[in-house]
Amino acid sequence: MKSVITALALLAGAGVSAAELPSVEHFMRHATYSSARISPGGEYLAIGVDRGGQDVLTVIRLKDMKLLKVNVLPDDKSVSGYRWISDDRLIFTAIRKVGSYAQPFGTGEWYAVNADGSQPRPVIFRGSRGAAERSKEVFNEFFSLLDPLVDDPRNVLMSSSSARSRTGSNTELVMVDTVSGSRKTLASAPRENCSIQVDEKKAPRYAVCFDQKNEKGEYDTRTELYQYSGGDWTLVNNAQMGDGKQLRVVGTDKDGTIYASQDDGKTPAALGTIDRNTGEFKSLFQDPVSEVAGWVESPSDERPLAVITAAGIPKVHVLAPDHADTQLYASLADAFPGQLVNFSSASRDGSKIIVSVYSDRNPGELYLFDRDSGQARFLMKAREWVNPDNSASVRPFDFVNRDGMRLYGYLTIPKGSDGKNLPLIVNPHGGPMGPRDNWGYNPETQLFASRGYATLQVNFRGSGGFGKAFEDMAYGQWHTGIMNDIIDATNWAIEEGVADRERICIYGGSFGGYAAMMAPAREPDLFACAFGYVGAYDGEIQMTLSDTSESESGRAYMRRALGATKSERAEVMPVNHADKIDIPVFLAAGARDPRCPPENTEVMFEALERAGNKPEGMIIQSGEMHGFYDVENRVNLYSKMLDFFESHIGGNAGRTAAAH
């Protein structure tokens with residue numbers, strides 16, 4: 001077993017040397033695994049491994065933990081979306097990563113391979129192929145896996161979407177042969193821009209269709225739900241029907257129960273079931289603050305046993321107290337107090353279960369539970385070089401902002417600290433709409449804590465996980481309401497005695513980089529320094545050079561978020577407020593960043609220089625995109641960042657750090 005963990009660790013990154021404090025590299029190395037799935041027969045484990053700019057897929061044999069195969073795609077493409085399609089065969093798609101702060105994009109290609117690496121087959125290609133593989137060609141179609149059909153060793157169900165217009169696409173349910181690549185259409189969606197859901201019999205049952213405008217013509221996703229019966233689609237729900245609540249189907253368990261979410265656009269969505277005859281929704285769970293962040297699914301019959309909410313530390317809310325697997329889950333959770341336990345995947349018969357465990361101090365562990373023996377066997381750690389006993393704790397907090405809203409966030413407190421009068425790094429997340437900060441092991445904030453800094457992360461208005469209405473508050477509020485939330489959270493930390501008011505810096509990436517410039521412009525005396533990373537600072541650069549600007553929906557989003565006119569966008573963007581930023585600044589960007597092009601960083605540097613506040617440094621890192629991948633580049637970035645913080649707010653542990 002040790003040899004497998006060592007091999008996977010080598011895939012993830014190089015080793016670290018011992019020192020008085022962990023080196024920067026100790027925190028910046030990539031995890032040993034990012035995901036894992038057991039095969040239907042329970043014999044193999046497929047493991048996704050993040051190597052930075054490229055993800056690969058490894059397979060081990062569980063009985064002896066032998067590493068069988070490492071699947072690596074050419075041209076720096078990454079493996080994603082992998083699933084077992086039989087007891088010993090996998091299917092996966094290819095993606096390209098564009099930075100750690102951005103979602104990767106799919107290439108549209110799919111591949112299949114046996115556990116031992118034999119019979120590798122391209123299933124779907126984009127572009128032209130030779131005569132022998134012409135059936136696998138696609139051009140303007142994109143495929144996503146709907147069901148691996150694990151009892152059918154050859155075929156899978158996929159969704160195929162192809163452009164029908166500049167803003168719309170047609171979707172079909174397709175049976176795909178993973179050997180020949182041949183495809184058979186089973187059903188077509190009722191309209192443009194839909195996803196299709198299948199039922200327990202693997203037949204089409206529902207379609208969720210969407211539009212990207214609200215009644216004001218603004219960018220806003222609205223959905224319609226259609227039901228398939230007798231070869232026809234029937235509209236059963238949209239925002240204009242009944243009480244105006246929107247339904248989204250999330251899955252069907254083995255007994256045919258259909259699970260869905262219902263959203264009124266005002267409060268966090270409810271999770272419940274849909275009557276397959278009447279279409280009536282029955283709520284099973286709804287939290288007044290937090291959306292459902294995840295659920296615990298029965299390894300036996302796919303029934304949701306519990307849901308997880310995450311306003312602060314994740315909470316598990318049981319839905320099926322009498323289910324046998326709920327009792328099993330409870331006993332496993334009791335074995336790991338203070339940590340979040342979940343069933344990661346299971347064999348076909350539910351007898352072998354991969355159990356995941358993590359916490360704010362534990363980066364993650366995998367165990368194999370054997371139902372027959374009643375024993376759980378340790379498999380591997382996500383970061384075997386991390387000792388949870390030496391990690392900092394992450395404490396949830398909440399407070400009421402100036403507008404009377406209760407906001408939630410997290411404080412990472414250095415180990416051994418009493419949590420009082422600390423140098424503080426305020427760390428706004430990216431987005432701002434949709435992403436959020438979570439409780440768990442965060443290498444970045446753990447690095448800061450190891451040098452004596454507390455880190456504050458607040459889920460300001462616009463953050464995901466608190467309902468659509470909360471997300472929508474961010475539109476037009478980037479420079480006002482969101483900055484108020486960040487400033488209010490910082491003042492809360494001062495008032496609570498956590499932060500030394502003279503030693504506070506702000507740092508963030510993507511939108512967080514924007515906030516690292518805009519918050520000090522709004523509140524000049526609050527921060528001692530600011531570090532902006534892959535940030536958006538100029539509205540016209542974003543409107544013309546970013547990959548967001550390449551689609552009409554992306555441009556519509558930016559018009560609603562930043563302003564419809566140049567003058568409106570100018571008011572929102574930090575580059576036009578450089579004269580108000582009179583604290584030390586450091587900037588960093590990726591030279592190949594498509595999301596927030598490096599021109600943002602260059603014009604921000606120039607604007608600050610013209611204002612008489614030339615930044616202390618700027619990194620435009622060659623080869624990197626929207627968030628650095630390469631470990632050496634990450635070590636360089638965070639080493640310079642720590643030096644910057646040390647020179648302005650001085651962490652208590654900074655002077656005894658390992659050489660970086």
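Just so you know, residue 1 is the first one in the sequence shown, and it goes up from there. What you see is a predicted model; the values in this text were computed from it and never measured.
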- Query: Without hydrogens or angle criteria, can the side chains of T223 and Q246 be said to hold a donor-acceptor pair below 3.5 Å?
  - Reply: yes

- Task: Mind checking the CG-CG spacing from L379 to L62? Nearest 0.5 Å is all I need.
- Result: 6.5 Å

- Item | Salt bridge flag under 4.0 Å for residues R461 and D472 | no

- Tell me yes or no: between the side chains of S161 and T171, is some donor less than 3.5 Å from an acceptor? yes

- Message: For the backbone of C209 and the side chain of Y226, can you confirm whether one donor and one acceptor N or O come within less than 3.5 Å of each other?
- Response: no

- Message: Can you tell whether the side chains of K468 and E471 come within less than 4.0 Å, N to carboxylate O?
- Response: no

- Query: Would you say R555's side chain and S549's backbone share a donor-acceptor pair under 3.5 angstrom?
  - Reply: yes

- Task: Taking D199 for its side chain and A203 for its backbone only, find out whether a donor-acceptor pair lies under 3.5 Å.
- Result: yes

Quick one: side chains of residues 40-49, donor-acceptor pairs under 3.5 Å with protein atoms, not counting sequence neighbours, listed by atom name and distance.
none

- Message: Hydrogens and angles aside, do D301 and H323 bring a side-chain donor and acceptor to less than 3.5 Å of each other?
- Response: yes

- Would you mind telling me which of F336, Y358, F343 makes a ring pair (Phe, Tyr, Trp, His ring centres under 6.0 Å) with Y367? F336

- Do R559 and E552 meet the salt-bridge criterion of a basic N to acidic O distance under 4.0 Å? yes

- Query: Can you tell me if T93 uses its side chain to pair, donor with acceptor, with the backbone of G81 under 3.5 Å?
  - Reply: no

- Message: Taking the cut-offs as 6.0 angstrom to the six-membered ring centre and 45 degrees off its axis, would you call R560 and Y475 a cation-pi pair?
- Response: yes

- Query: Less than 4.0 Å between a side-chain N and a carboxylate O, is that true for D50 and K97?
  - Reply: yes

- For the residue pair S553 and S551, confirm or rule out a side-chain donor-acceptor distance under 3.5 Å. yes

- Message: I'd like to know if R595 and D547 make a salt bridge, using a cut-off of under 4.0 Å between side-chain N and carboxylate O.
- Response: yes

- Does the salt bridge (charged side-chain N to carboxylate O under 4.0 Å, His left out) test come out yes or no for D325 and R371, once each step is laid out? CA-CA 10 Å; D325 287 343; R371 198 188 292 266; 2.9 Å; yes

- Query: Quick check: does any side chain N or O of R222 sit under 3.5 Å from a backbone N or O of D211, one acting as donor and the other as acceptor?
  - Reply: no

- Task: Using atom types as modelled and distance alone, determine if a side-chain donor or acceptor of S345 lies under 3.5 Å from a backbone N or O of I38.
- Result: yes

- Message: Please evaluate residues R348 and D87 with respect to the criterion salt bridge (charged side-chain N to carboxylate O under 4.0 Å, His left out), reporting the C-alpha separation (whole Å), side-chain torsions for both, the decisive distance (0.1 Å), and the verdict.
- Response: CA-CA 9 Å; R348 180 190 290 104; D87 288 348; 2.9 Å; yes

- Message: So does K77 get a backbone contact from the side chain of Q54, meaning a donor-acceptor N/O pair under 3.5 Å?
- Response: yes

- Message: Could you check whether any side-chain N or O of K254 sits under 3.5 Å from a backbone N or O of S300, counting only pairs where one atom can act as donor and the other as acceptor?
- Response: yes

- Task: Applying salt bridge (charged side-chain N to carboxylate O under 4.0 Å, His left out), run through D264 and K245 and close with a yes or a no.
- Result: CA-CA 4 Å; D264 64 1; K245 297 176 181 178; 5.4 Å; no

- Message: Would the distance check show the side chain of Y557 and the main-chain N or O of D220 forming a donor-acceptor pair, the cut-off being under 3.5 Å?
- Response: no

- Item | Within the 6.0 Å centroid threshold, strictly below: H429 and F511 | no

- Task: Return yes if a side-chain donor-acceptor contact under 3.5 Å exists between Q327 and Y329, otherwise no.
- Result: no

- Identify whether the distance between the nearest side-chain nitrogen and carboxylate oxygen of R191 and E224 falls below 4.0 Å. yes

- Any donor and acceptor pair, going by atom type alone, linking the side chain of N237 with main-chain N or O of L225 inside 3.5 Å? no

- Item | From CD (E172) to OG (S162), nearest 0.5 Å | 6.5 Å

